[in-house]
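Below is one structure, written out as structure tokens; the observations come after it.
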Amino acid sequence: FTRDGQCVLVSCLNSSIKLFDKSTGEMLQEYAGHINKEYRLECCLDHTDKYVISGSENNQIYVWDLVESGVVAKLDVGGGGGVVNSLAPHPSKAQLLAASKGRVAVWEAEADDVEEEMEPEPTLSSSSVYDSKPH
């Protein structure tokens, strides 16, 4: 949902994301360019509702301008490829957490500088905790 609760983002398996008016069901905008054919991928809005963000099946995160629908950034999660299926934007800062194949990456950008590619901060993967045998 958008912050005002009036619009809903829907991620589709035809490599598109659609923005719908909640009251009328009218499609307001469509976002494309990422790969989404096999997996459930999360999409969300940033903390300002200016950008649509989605994972992709090519190990990248895509960022679109909400109104113009053009891709403004592609963020590479790294770690040898895979599906970026989980996203969590910070509610009040230009920060994003993403998960892909047991890897977690965090990005931070200046609030008005989202169009430039954000560098991932070093993080520790928690996958090794889940890979160990139960006690």
Side-chain angles (χ1 to χ4, degrees):
F1 288 97
T2 52
R3 288 185 172 274
D4 62 8
Q6 296 303 307
C7 298
V8 178
L9 273 177
V10 178
S11 181
C12 304
L13 285 175
N14 66 353
S15 297
S16 72
I17 297 170
K18 296 177 173 131
L19 180 70
F20 290 97
D21 181 287
K22 185 179 87 171
S23 301
T24 66
E26 176 187 359
M27 187 175 74
L28 304 173
Q29 192 60 273
E30 187 170 10
Y31 309 91
H34 68 304
I35 300 169
N36 187 8
K37 296 179 182 179
E38 295 182 47
Y39 298 95
R40 179 188 167 279
L41 302 180
E42 291 182 354
C43 61
C44 60
L45 294 162
D46 77 321
H47 70 290
T48 63
D49 274 1
K50 291 181 183 177
Y51 300 99
V52 172
I53 306 167
S54 176
S56 182
E57 294 175 15
N58 64 350
N59 204 44
Q60 292 187 327
I61 298 166
Y62 284 72
V63 182
W64 293 267
D65 180 274
L66 177 75
V67 176
E68 301 296 324
S69 77
V71 174
V72 295
K74 292 180 191 176
L75 312 173
D76 187 35
V77 174
V83 177
V84 180
N85 53 0
S86 186
L87 300 172
H90 192 281
S92 61
K93 297 179 183 176
Q95 295 177 335
L96 178 69
L97 181 111
S100 172
K101 279 184 133 178
R103 181 177 166 86
V104 175
V106 179
W107 282 269
E108 182 171 9
E110 295 298 320
D112 345 320
D113 201 18
V114 175
E115 290 186 16
E116 290 186 22
E117 189 166 318
M118 298 179 274
E119 293 296 320
E121 293 181 6
T123 58
L124 297 175
S125 172
S126 61
S127 64
S128 58
V129 174
Y130 300 107
D131 291 339
S132 60
K133 294 181 181 180
H135 301 290

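Basis for what follows: all heavy atoms, side chains included, without hydrogens, waters or symmetry-related copies. No experiment lies behind these values; they were computed from the predicted model shown.
Two different hydrophobic clusters hold Leu9 and Leu87 under the rule that ILVMFWY side chains link at heavy-atom gaps under 4.5 Å. Clustering ILVMFWY residues whenever any of their side-chain heavy atoms sit less than 4.5 angstrom apart, transitively, puts Leu75 in the very cluster that holds Tyr51. Note: the hydrophobic cluster containing Val84 does not contain Val71 (ILVMFWY, side chain heavy atoms under 4.5 Å, direct or indirect links).
No donor-acceptor pair closer than 3.5 Å links the side chain of His47 to the backbone N or O of His90. Panel note: side chain Ser86, backbone Ala98; no donor-acceptor pair is recorded below 3.5 Å. The closest donor-acceptor contact from the side chain of Ser16 to the backbone of Ala32 lies at 3.5 Å or more, if one exists at all.
With no hydrogens or angles considered, no side-chain donor-acceptor pair links Gln29 and Tyr31 at under 3.5 Å.
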Item to complete: Run the numbers on Leu66 and Lys50 for side chain to side chain contact (heavy atoms under 4.5 Å, CB included), then give the verdict.
Response: CA-CA 5 Å; Leu66 177 75; Lys50 291 181 183 177; 5.6 Å; no
Worksheet item: What do the steps show when you test Leu45 against Arg3 for side chain to side chain contact (heavy atoms under 4.5 Å, CB included), and what is the final call?
Response: CA-CA 9 Å; Leu45 294 162; Arg3 288 185 172 274; over 6 Å; no
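The structure places CE of Met27 at 6.0 Å from CZ of Phe20, a figure rounded to the nearest 0.5 Å. One distance of note links CD of Glu57 with CG of Asn85; it measures 9.5 Å at 0.5 Å rounding. Taking CG of Leu41 as the start and OG of Ser11 as the end, the distance is 5.5 Å to the nearest 0.5 Å.
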